[in-house]
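Model, not experiment: these values are computed from the prediction.
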There are 2 protein chains.
Amino acid sequence: MFIQNNELSQTKQAILNSALNLFVEKGYFNTSIPDLVKHSGVSTGSIYHSFKDKEAIANTLMESLLSQIECEQNQILANHTSSWARFYHLCEWMFQTAETYPDVMQFILNARHKEFLPDLLPICSAKPFTTLRAVIQQGMEQGDLKEMDIMVAAAVAYGGVLRLIQLGLDGLLDAPFNSYLDSITKTCWSSISNTNQTQ
Amino acid sequence: MFIQNNELSQTKQAILNSALNLFVEKGYFNTSIPDLVKHSGVSTGSIYHSFKDKEAIANTLMESLLSQIECEQNQILANHTSSWARFYHLCEWMFQTAETYPDVMQFILNARHKEFLPDLLPICSAKPFTTLRAVIQQGMEQGDLKEMDIMVAAAVAYGGVLRLIQLGLDGLLDAPFNSYLDSITKTCWSSISNTNQTQ
DNA sequence: GTCTATAGTACGATAGAC
DNA sequence: GTCTATCGTACTATAGAC
């Protein structure tokens, strides 16, 4: 139960959590309203009373997830100031979320949102991803990171982490996400870092 | 026109190329048979004469793309022997393909294949991706790369490259893919490389 | 092997009682 | 606000002529 928003009724939350599970498991188009009825225990009528149509469910789900993620990222930024600490703890949060709420990560990373939310910007343009890049920008401005194209630096920094998460979600990792955290964050960071450390 | 397989009839090739375009543009479930008829100029009857059902189209499309990619990767492996050269030219090929056939890259990287091909293994387990990892394994066995978890090393090596491709496909890069090649391959490789280069 | 016409089905969405 | 019953539609897949 990732979605717990006080602004939303119990019914809406139940629908959204079922939608998250089913959309990840079967995909948006393979999930019918009857499927949602069975999984959530909410009737067709109530679903359509809570949401205009099926697309509105996906839309609200997406907005809820993004705003919740944004909120948790802001907490991390508030607790850490250096670019390295921010990078490390943002990655830590992603690993923890992938471990505890794999559906959330799958939905955010993997879903072809354009397919059912035609007006949505590509996920790379969403706030949580611009926040990730902003931390790299900060590191560069403060001299922690080499001067290089920001997109390249961001791709290197988070590419490895996100790729590992993908491999884990696909069941190709033996150990829990957590055990890779130090190794991969240090490796990725060192490759774009300004310090001339030999190891 | 990426799909050009002599073992397939002209009609089948036309259907597959239309399917590739439409599946990427609108998604598998948003692409109806009538859409395919319009786009390919092949009638409903002929489509169902060529393929058992809609899923078989996706299946054959996937198989064609993967076998064609496998073939081109093998060519690269045959032309280069060192792990670095193989890594570099495999990345070069990915960038070139993303530039010339963005639909192919989108379909391979982005499509939620499990959604419409339930029996398919996750894409990370497909041959082209195991080939990528094998090159990292080779580098480690020959002492070019540090001893570390193979999945971590592979994630770092290709994560940055694939992430950059994703950013480009989403329209967030200013310059053509090609111009990032040297920078990102060197950065990713150096972070897992065994040589103690300070820069 | 290619076409048009259509059967059959399952879905999204609504109506209307409680 | 929640439910059941149902309408209308659009799709996949087939039938059958050429």
Side-chain angles (χ1 to χ4, degrees), chain A residues 3-62 111-120, chain B residues 3-62 111-120:
Chain A
I3 307 258
Q4 283 180 337
N5 188 330
N6 292 333
E7 291 171 29
L8 299 173
S9 70
Q10 290 273 322
T11 305
K12 279 189 180 177
Q13 287 182 35
I15 297 166
L16 290 177
N17 277 293
S18 288
L20 177 59
N21 287 325
L22 292 172
F23 290 175
V24 169
E25 189 192 332
K26 306 155 59 104
Y28 175 80
F29 288 104
N30 270 333
T31 301
S32 65
I33 302 295
D35 288 336
L36 271 171
V37 171
K38 258 173 258 164
H39 190 279
S40 67
V42 177
S43 69
T44 314
S46 285
I47 291 178
Y48 278 97
H49 179 79
S50 300
F51 298 99
K52 184 181 158 266
D53 55 16
K54 191 179 166 187
E55 191 175 316
I57 299 176
N59 231 318
T60 309
L61 176 58
M62 195 66 190
R112 305 212 44 213
H113 308 106
K114 218 186 75 181
E115 198 166 320
F116 51 91
L117 298 175
D119 298 335
L120 196 78
Chain B
I3 306 259
Q4 282 181 336
N5 187 330
N6 291 332
E7 293 170 26
L8 298 173
S9 69
Q10 291 274 321
T11 305
K12 280 188 179 179
Q13 286 182 37
I15 296 167
L16 291 176
N17 278 293
S18 289
L20 177 59
N21 287 325
L22 292 172
F23 290 174
V24 170
E25 189 191 332
K26 305 155 58 101
Y28 174 81
F29 289 104
N30 269 332
T31 302
S32 65
I33 302 295
D35 288 335
L36 271 171
V37 170
K38 258 174 258 165
H39 190 279
S40 67
V42 178
S43 69
T44 313
S46 286
I47 290 178
Y48 278 98
H49 179 81
S50 299
F51 298 98
K52 181 183 159 268
D53 56 17
K54 193 179 165 187
E55 191 175 314
I57 298 175
N59 229 318
T60 309
L61 176 58
M62 195 66 192
R112 305 212 44 210
H113 308 106
K114 217 186 75 180
E115 198 167 321
F116 51 90
L117 298 175
D119 297 336
L120 195 76

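Formation of a donor-acceptor pair under 3.5 Å by the B:Asn17 side chain with backbone atoms of B:Gln13 is found in this model.
Residue contacts shown for B:Ser50 are absent, as no nucleic acid heavy atom lies under 4.0 Å away. As judged by a 4.0 angstrom heavy-atom cut-off over every strand, A:Ser43 is placed among the base-contacting residues.
Taking the six-membered ring where tryptophan is involved, the planes of B:Tyr28 and B:Phe23 are perpendicular, since the angle between them exceeds 60° and thus also 30°.
In this structure, the NZ atom of B:Lys54 is 15 Å from the P atom of D:dT14, given to the nearest Å. Going from atom CD1 of A:Ile33 over to atom C1' of D:dT4 covers 16 Å, rounded to whole Å. Atom P of nucleotide D:dT12 and atom CZ of B:Phe51 are separated by 15 Å, given to the nearest angstrom. Spacing between atom CG of A:Asp53 and atom P of C:dT14 amounts to 8 Å, rounded to whole angstrom units. Rounded to whole angstrom, the span from the CD1 atom of A:Ile15 across to the P atom of C:dA13 amounts to 14 Å. Put simply, CZ on A:Phe116 is 14 Å from P on C:dG12, counting in whole angstrom units. Rounded to whole angstrom, the span from the NZ atom of A:Lys38 across to the C1' atom of C:dC11 amounts to 12 Å. Separating the CZ atom of B:Phe29 from the P atom of C:dG12 is a distance of 12 Å, rounded to the nearest angstrom.
Close to D:dC3, at under 4.0 Å from its OP1 or OP2, lies a side-chain N or O of A:Ser46. Within the structure, every side-chain polar atom (N or O) of B:His49 is placed at least 4.0 Å from both OP1 and OP2 of C:dT2. Applying the 4.0 Å criterion to OP1 and OP2 of D:dA13, one finds that B:Tyr48 has a side-chain N or O inside that range. Between A:Thr11 and D:dG1 there is no side-chain polar atom (N or O) within less than 4.0 angstrom of OP1 or OP2.
Atom NZ of B:Lys12 sits about 7.0 Å away from atom OG1 of B:Thr60, to the nearest 0.5 Å.
Along DNA chain C, the nucleotide closest to A:Pro34 and the one closest to A:Gly45 are compared, and the more 5′ of them pairs with A:Pro34.
Comparing D:dC3, D:dT14, C:dG12 by their nearest atom to the side chain of B:Thr44 picks out D:dT14.
Counting heavy atoms from C-beta on, the side chains of B:Ile47 and B:Ile57 come closer than 4.5 Å.
Checking B:Asn21 against B:Ser18 by side-chain atom types alone, no donor-acceptor pair falls below 3.5 Å.
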